[in-house]
Amino acid sequence: MARVTLDKLRKVYDNGYEAVHDVSLDVDDGEFVVLVGPSGCGKSTTLRMVAGLESISSGTLRIGERVVNDVAPKDRDIAMVFQNYALYPHMDVFDNMAFGLKLRKLPKAEIRERVEAAAATLGLGGVLDRKPKALSGGQRQRVALGRAIVRNPAVFLFDEPLSNLDAKLRVQTRTEISKLHRDLGATMMYVTHDQVEAMTMGDRIVVLHDGFVQQVAPPLELYARPANVFVAGFIGSPAMNFIQGTLNGAQFRSTSGSVIVDLSKKPTPEGDVTLGVRPEDLYTEGNAPSTKRLSDPFVGTVEVEEPMGNEVVAYVRIDPDNRLVARLEPQPIDDGEDAARLRIDLDKIHLFDAETGRALAA
């Protein structure tokens, strides 16, 4: 396995469009790093530069101690798994997994040993003689994984490999990939637009937006201490609630005046800010725990309730400019005529500069 180092990597296309801006990242030997962000953020382009499928406009890329900017993809000692399985339909599973090894002219006995070992790891031992058309989507994706594993590369690269699977198979296959990482101790870089995949799989997550790195952190740190409004709103489902307002001393007042929160200490600086609160950190009068430090209540109108079994997701209109999403215990929340009195956990408040979007001390 190997360490991957990206030092101010840029990608500028011939028409002048800059897809990736000075991305710097160290992926440790054996680490699982996930690149996540919305469509067009530059995550796949970054991965393709690591793979050698996109040229690097400037910056330096190292795999191990070797600079590989101008090294051909086949000579970078990487294996890539794509969203498209790209299996050969006329070959059976064994030959699909063995194809790359045959091109390298490895001994037949070694090829069989590697393929059978990978098939056992992925639960494909009973389908080695089947053609891809006789496999399920999950099995086809595992064949694509097996084709990468048998090469024993220094680095595994995954470009949205679960996008073509249904919801149940996505959960199953992402578990298999995480287990595979633990078993192999391999260096892996994984691209997805799905923040649930990112949170459940990565040792560290790289959040990208418009070609810029927004934050690099372990999943729980990213969730608890987002660096800016974009990260706070992208990570978490349902997304974080944002309320525009002003800080005056230790008091936050929303622009409409509907929400007033007295903070425990005076944040810095004062002025226009965005207050962020996650849905699970909102409580109604009826389910507010006595152990929490909560804000004074403010009143809203319940527009929609979504019962999920273990919780209720409630959409509460505070004023014309603000609708908050709350994750509550599964019990009636109305205070009569669809009214709800909400309170915020004061220890879970996030504050962001209204102009730059950067996180402030809350």
Side-chain angles (χ1 to χ4, degrees), residues 199 215 217-229 231-303 305-306 308 310-319 321-336 338-354 357-362:
M199 291 291 288
Q215 189 172 0
L220 294 183
E221 180 181 334
L222 203 69
Y223 190 82
R225 292 185 291 278
N228 55 42
V229 166
V231 175
F234 189 81
I235 299 295
S237 180
M240 182 182 286
N241 298 292
F242 297 110
I243 306 172
Q244 305 301 321
T246 304
L247 271 179
N248 183 8
Q251 186 182 79
F252 169 85
R253 178 184 290 269
S254 67
T255 303
S256 65
S258 300
V259 180
I260 298 174
V261 180
D262 289 312
L263 306 174
S264 58
K265 58 183 179 180
K266 179 182 176 181
T268 303
E270 296 184 342
D272 293 338
V273 298
T274 300
L275 182 145
V277 58
R278 294 205 179 273
E280 62 269 26
D281 298 322
L282 284 168
Y283 299 89
T284 61
E285 289 280 71
N287 70 1
S290 58
T291 55
K292 300 282 188 180
R293 291 193 320 111
L294 301 175
S295 69
D296 292 335
F298 49 92
V299 179
T301 302
V302 179
E303 294 185 329
E305 290 182 53
E306 296 178 341
M308 308 295 288
N310 64 323
E311 65 183 11
V312 172
V313 178
Y315 297 80
V316 183
R317 176 68 63 182
I318 304 301
D319 55 53
D321 297 325
N322 292 296
R323 184 178 74 167
L324 306 184
V325 183
R327 296 174 65 178
L328 305 169
E329 293 181 5
Q331 63 186 40
I333 65 172
D334 294 349
D335 283 339
D338 296 326
R341 292 165 62 83
L342 293 180
R343 305 177 73 180
I344 299 173
D345 185 340
L346 293 174
D347 294 321
K348 297 296 180 66
I349 283 174
H350 301 263
L351 293 175
F352 305 93
D353 184 279
R358 293 177 182 172
L360 305 172

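When reading the values below, keep in mind they use all heavy atoms of this one structure, side chains included, and skip hydrogens, waters and symmetry mates.
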| note | Heavy-atom nearest pair, Met240 first then Pro279, reads CA-CD, 4.3 Å
| query | Taking side chain as C-beta onward, heavy atoms only, is Leu282 less than 4.5 Å from Val277? | reply | yes
| note | Closest heavy-atom pair, Ser295 versus Phe298, reported as atoms and distance to 0.1 Å, is OG-CE2, 4.3 Å
| So, do Phe242 and His350 sit near enough that their side-chain heavy atoms are less than 4.5 Å apart? | no
| field | side chain to side chain contact (heavy atoms under 4.5 Å, CB included) between Leu351 and Leu275, worked out | value | CA-CA 5 Å; Leu351 293 175; Leu275 182 145; 4.1 Å; yes
| query | Side chains of Lys292 and Asp347: closer than 4.5 Å at any heavy-atom pair? | reply | no
| request: Answer whether the closest heavy-atom distance between the side chains of Asp345 and Leu294 falls below 4.5 Å. | output: yes
| query | For the atom pair CD1 (Ile344) and CD1 (Ile243), what is the distance rounded to the nearest 0.5 Å? | reply | 5.0 Å
| note | CG of Leu220 to CD1 of Ile235, rounded to nearest 0.5 Å, is 11.5 Å
| request: To the nearest 0.5 angstrom, please state how far the CD atom of Glu311 sits from the CD atom of Glu306. | output: 10.0 Å
| query | Could you walk me through whether Val259 and Asn322 pass the side chain to side chain contact (heavy atoms under 4.5 Å, CB included) check? | reply | CA-CA 10 Å; Val259 180; Asn322 292 296; 5.9 Å; no
| field | CA sep, side-chain torsions, deciding dist, call: Ile349, Leu263, side chain to side chain contact (heavy atoms under 4.5 Å, CB included) | value | CA-CA 9 Å; Ile349 283 174; Leu263 306 174; 3.7 Å; yes
| said: Between Asn248 and Arg253, is the side chain to side chain contact (heavy atoms under 4.5 Å, CB included) condition met? List the steps. | reply: CA-CA 8 Å; Asn248 183 8; Arg253 178 184 290 269; over 6 Å; no
| request: Kindly check if the number of other-residue, nucleotide or ligand heavy atoms within 6.0 Å of CZ (Arg358) is above 12? | output: no
| query | Looking only at heavy atoms, what is the nearest atom pair of Leu324 and Leu342, with distance? | reply | CD1-CD1, 4.4 Å
| query | Does Arg278 reach the main-chain N or O of Tyr223 with its side chain, forming a donor-acceptor pair under 3.5 Å? | reply | yes
| message | Any heavy-atom pair between the side chains of Val313 and Pro238 that's under 4.5 Å? | response | yes
| task | List the atom of Pro297, the atom of Arg341, and the distance in Å for their closest heavy-atom pair. | result | CG-NH2, 3.2 Å
| request: Could you tell me which non-hydrogen atom of Gln215 sits nearest to which non-hydrogen atom of Arg225, and how far apart they are? | output: NE2-O, 3.1 Å
| Polar side-chain atom of Asn228 near backbone of Gly357 as donor-acceptor pair, under 3.5 Å | no
| query | Are the side chains of Thr255 and Asp321 in touch, meaning some heavy atoms are under 4.5 Å apart? | reply | no
| Test item: Val316 and Ile318 side chains (from C-beta on) under 4.5 Å apart, heavy atoms | yes
| What are the two closest non-hydrogen atoms of Gly245 and Phe252, and how far apart are they? | CA-CE1, 3.6 Å
